[in-house]
Number of protein chains: 2
Amino acid sequence: MEMPTKTLKGAATFKEAPTFKDQRRERIIQVARSVFYEVGYAGASMSMISSRLGGSKATLYAYFNSKEDLFEAIIREQCGQIADLFLAHTGTDDLRATLAVMGRELLTAIMSDEAVRTFQLIVEESHRNPQLAEMFHNVIQSQGGSNLVNLLQAAHARGQINAPNSQEAAMVLKSLIFGDCHFKRIMNLAAQPTEAHLSRQVDLAVDIFMAYYGSKSAG
Amino acid sequence: MEMPTKTLKGAATFKEAPTFKDQRRERIIQVARSVFYEVGYAGASMSMISSRLGGSKATLYAYFNSKEDLFEAIIREQCGQIADLFLAHTGTDDLRATLAVMGRELLTAIMSDEAVRTFQLIVEESHRNPQLAEMFHNVIQSQGGSNLVNLLQAAHARGQINAPNSQEAAMVLKSLIFGDCHFKRIMNLAAQPTEAHLSRQVDLAVDIFMAYYGSKSAG
DNA sequence: GGTGAACCGTACTGTACAGTTCGGTTTATT
DNA sequence: AATAAACCGAACTGTACAGTACGGTTCACC
């Protein structure tokens with residue numbers, strides 16, 4: 001069903017073809033995303049999407065079998081973009097600095113307009129489509145979190161902190177970093193935080209974290 | 001428009017009448033709530049509600065002018081019920097114990113099935129109806145939170161903790177108490193926590209909180 | 001310059017919904 | 001028993017939607 005062998009688009013036969021219809025697919029996702037993000041899943045209609053797209057509804061259905069399919073593709077793509085925000089970190093000797101950097105990264109990612117709206121839509125659809133929630137959580141947990149777990153584990157082994165349960169310690173740090181920003185943001189009760197607010201939040205989180213795990217014997 | 005003077009229902013003229021139609025109104029809210037909670041706002045229909053209620057749709061509209069009205073009444077009532085879960089607390093000398101008790105109360109309330117579902121519905125509707133989000137947040141913040149702020153303020157004044165910014169300290173404690181339970185719960189990725197898990201979470205939160213604010217100079 | 005796939009526009013099918021209307025019926029107050 | 005309010009059931013209005021059908025059109029490739 002998918003283009004067997006076929007020289008295409010002038011550009012010779014690279015392994016990664018320039019994609020005749022992948023481009024269109026990408027554009028559909030872009031447009032549909034903006035519609036879903038404006039009016040929510042239930043509020044959006046395929047007619048609205050196709051009209052804003054410019055083409056016909058039939059074309060839309062040639063790329064996606066259903067509204068649900070399209071929505072899923074959008075969330076999937078968005079999760080990928082959020083995951084890309086998390087860089088790989090190797091711990092340095094300055095643990096506090098490393099945690100602060102990772103914390104800023106995490107908080108910035110999760111508080112971005114796109115991530116917040118994605119989260120809201122996932123919550124809205126979490127009954128009909130629980131896999132989306134799992135996927136999103138994996139992005140935050142694994143991409144943004146297992147980094148953290150590994151780092152804390154290493155720091156524990158090095159004796160920089162006393163955190164035998166690195167999973168739990170990572171959870172604590174994440175909770176401190178999020179603060180109540182995220183909670184409020186999800187309800188549209190707060191705008192994207194300023195750089196200053198963000199820094200304050202992360203620094204406080206690291207301070208508190210280190211006060212507990214830094215030196216004394218813990219749990 | 002509302003029953004001028006009228007002896008009613010056998011029961012004599014108390015100030016708080018036994019309510020001929022308030023009972024029915026209450027029952028409508030009950031039924032509608034269960035429907036909204038099962039299928040969400042968009043997924044629910046007034047026909048479904050009235051049929052499950054037993055009466056006719058016209059009766060339903062005699063009590064509530066619109067679907068939106070009905071939904072709002074439900075959320076409002078639910079917020080009231082959640083607020084009722086928070087008791088008044090006067091600080092004792094044992095600060096840790098007091099914090100643990102309040103923490104358990106807060107976590108139990110916010111992690112209950114009803115509170116979680118209410119939160120999800122509010123998120124779903126937060127674009128169309130931002131006041132609901134505000135109301136919900138007020139319940140958590142003011143009922144469950146200003147207690148905490150006052151208590152921490154008093155503890156600071158008494159020298160039990162060093163937290164000049166009691167607002168911020170309360171935020172920190174709340175974040176620690178919530179942990180990642182709430183985050184996961186909202187996405188339907190976790191069930192109601194067990195008593196043991198709940199206790200562990202709160203005790204850890206209080207430990208970390210006191211490690212930072214308990215003795216040394218902070219912020 | 002001809003073949004076929006992708007596309008367009010538009011109209012259609014069938015369904016579902018919010019909210020209304022209305023004639024008949026119960027129920028409670030006098 | 002008489003009066004009026006509340007209620008029932010069921011049909012109805014108008015709208016909006018997901019998804020399909022189809023004849024005509026572009027456009028890439030041979």
Side-chain angles (χ1 to χ4, degrees), chain A residues 1-13 17-28 31-32 35-36 38-74 124-125 128-129, chain B residues 1-13 17-28 31-32 35-36 38-74 124-125 128-129:
Chain A
M1 198 187 275
E2 319 275 276
M3 63 226 79
T5 22
K6 198 178 185 180
T7 43
L8 34 90
K9 277 269 182 183
T13 51
T19 70
F20 28 100
K21 55 194 300 179
D22 286 4
Q23 269 182 352
R24 192 176 186 89
R25 192 188 147 95
E26 200 52 42
R27 172 144 168 72
I28 291 177
V31 171
V35 172
F36 280 127
E38 276 172 36
V39 295
Y41 179 79
S45 80
M46 294 298 261
S47 298
M48 192 191 305
I49 291 170
S50 86
S51 93
R52 196 180 291 191
L53 185 65
S56 82
K57 239 192 331 177
T59 307
L60 194 51
Y61 276 96
Y63 284 86
F64 299 93
N65 293 323
S66 67
K67 185 182 178 183
E68 188 66 29
D69 263 26
L70 177 54
F71 180 71
E72 196 173 314
I74 288 168
E124 186 182 334
E125 290 303 295
R128 244 182 302 276
N129 208 338
Chain B
M1 196 186 275
E2 320 278 272
M3 66 229 74
T5 22
K6 198 176 187 181
T7 43
L8 34 92
K9 280 267 182 187
T13 50
T19 68
F20 28 100
K21 55 195 300 179
D22 285 5
Q23 269 182 352
R24 192 176 187 89
R25 192 189 148 94
E26 201 52 41
R27 172 147 169 72
I28 291 176
V31 171
V35 172
F36 280 128
E38 277 172 35
V39 295
Y41 179 80
S45 80
M46 294 296 262
S47 298
M48 193 190 306
I49 292 170
S50 86
S51 94
R52 195 180 293 192
L53 185 66
S56 82
K57 237 184 344 171
T59 308
L60 194 51
Y61 277 96
Y63 284 86
F64 298 93
N65 294 323
S66 66
K67 186 182 178 184
E68 187 67 30
D69 263 27
L70 176 53
F71 180 71
E72 195 174 314
I74 289 168
E124 185 182 335
E125 290 303 296
R128 245 183 301 279
N129 208 338

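Note that the structure is predicted; figures quoted are calculated from it, not measured. So that the names make sense, note that chain A is the first sequence line, chain B the second, and so on, each numbered from 1.
- Looking only at side-chain heavy atoms (C-beta outward), L70(A) and Y63(A) stay at 4.5 Å or farther from each other.
- Rounded to whole Å, the distance from CE on M46(A) to P on dA18(D) is 7 Å.
- Shown here are the side chain to side chain donor-acceptor pair (under 3.5 Å) partners of E68(A), two or more places apart in sequence or in another chain: Y41(A), N129(A).
- A close approach under 4.0 Å does not occur between any side-chain nitrogen or oxygen of S56(B) and OP1 or OP2 of dC7(D).
- One finds the CD atom of E124(A) at 7.0 Å from the CZ atom of F71(A) (value rounded to the nearest 0.5 Å).
- Between the P atom of dA6(C) and the CD atom of Q23(A) lies a distance of 16 Å, rounded to the nearest Å.
- When each of dC22(C), dG9(C), dC7(C) is scored by its nearest atom to the side-chain atoms of A58(B), the top-ranked nucleotide is dC22(C).
- Between the OH atom of Y41(A) and the P atom of dA18(D) there is a distance of 8 Å, given to the nearest Å.
- Proximity of S47(B) to the phosphate of dC17(C): no side-chain N or O atom is located under 4.0 Å from OP1 or OP2.
- Considering only the side chain of K67(B), dG19(C) comes nearest among dC7(C), dG19(C), dG9(C).
- Listed nucleotides dA18(D), dA18(C), dC8(D) differ in distance to R24(B); the shortest reach to its side chain belongs to dC8(D).
- Under the 4.5 Å side-chain criterion, counting only non-hydrogen atoms from C-beta, F64(B) is not in contact with E72(B).
- Within 4.0 Å of A42(A), counting heavy atoms only, lies no atom of the nucleic acid at all.
- A pairwise comparison of heavy atoms in R25(B) and A73(B) identifies NH2-CB, 4.1 Å as the closest pair.
- The nearest whole Å value for the distance from the CD1 atom in I28(B) to the C1' atom in dC7(D) is 11 Å.
- Following rounding to the nearest Å, F64(A) (CZ) and dT20(D) (P) show an atom-to-atom distance of 16 Å.
- With rounding to whole Å, I49(A) atom CD1 is found 12 Å from dC17(D) atom C1'.
- One cannot find a donor-acceptor pair under 3.5 Å joining the base of dG9(D) and the side-chain atoms of K57(B).
- Residue contacts shown for G54(B) are limited to sugar-phosphate atoms, with no base heavy atom under 4.0 Å away.
- Distance, L53(A) CG to dG9(C) P: 11 Å, rounded to whole Å.
- The listed nucleotides are dT20(D), dC8(C), dT21(C); the one nearest the side chain of Y61(A) is dT20(D).
- Distances shown here put every side-chain N or O of Y63(A) at or beyond 4.0 Å from the OP1 or OP2 atom of dA6(C).
- Atom CZ of R25(B) is separated from atom P of dA6(D) by 15 Å (rounded to the nearest Å).
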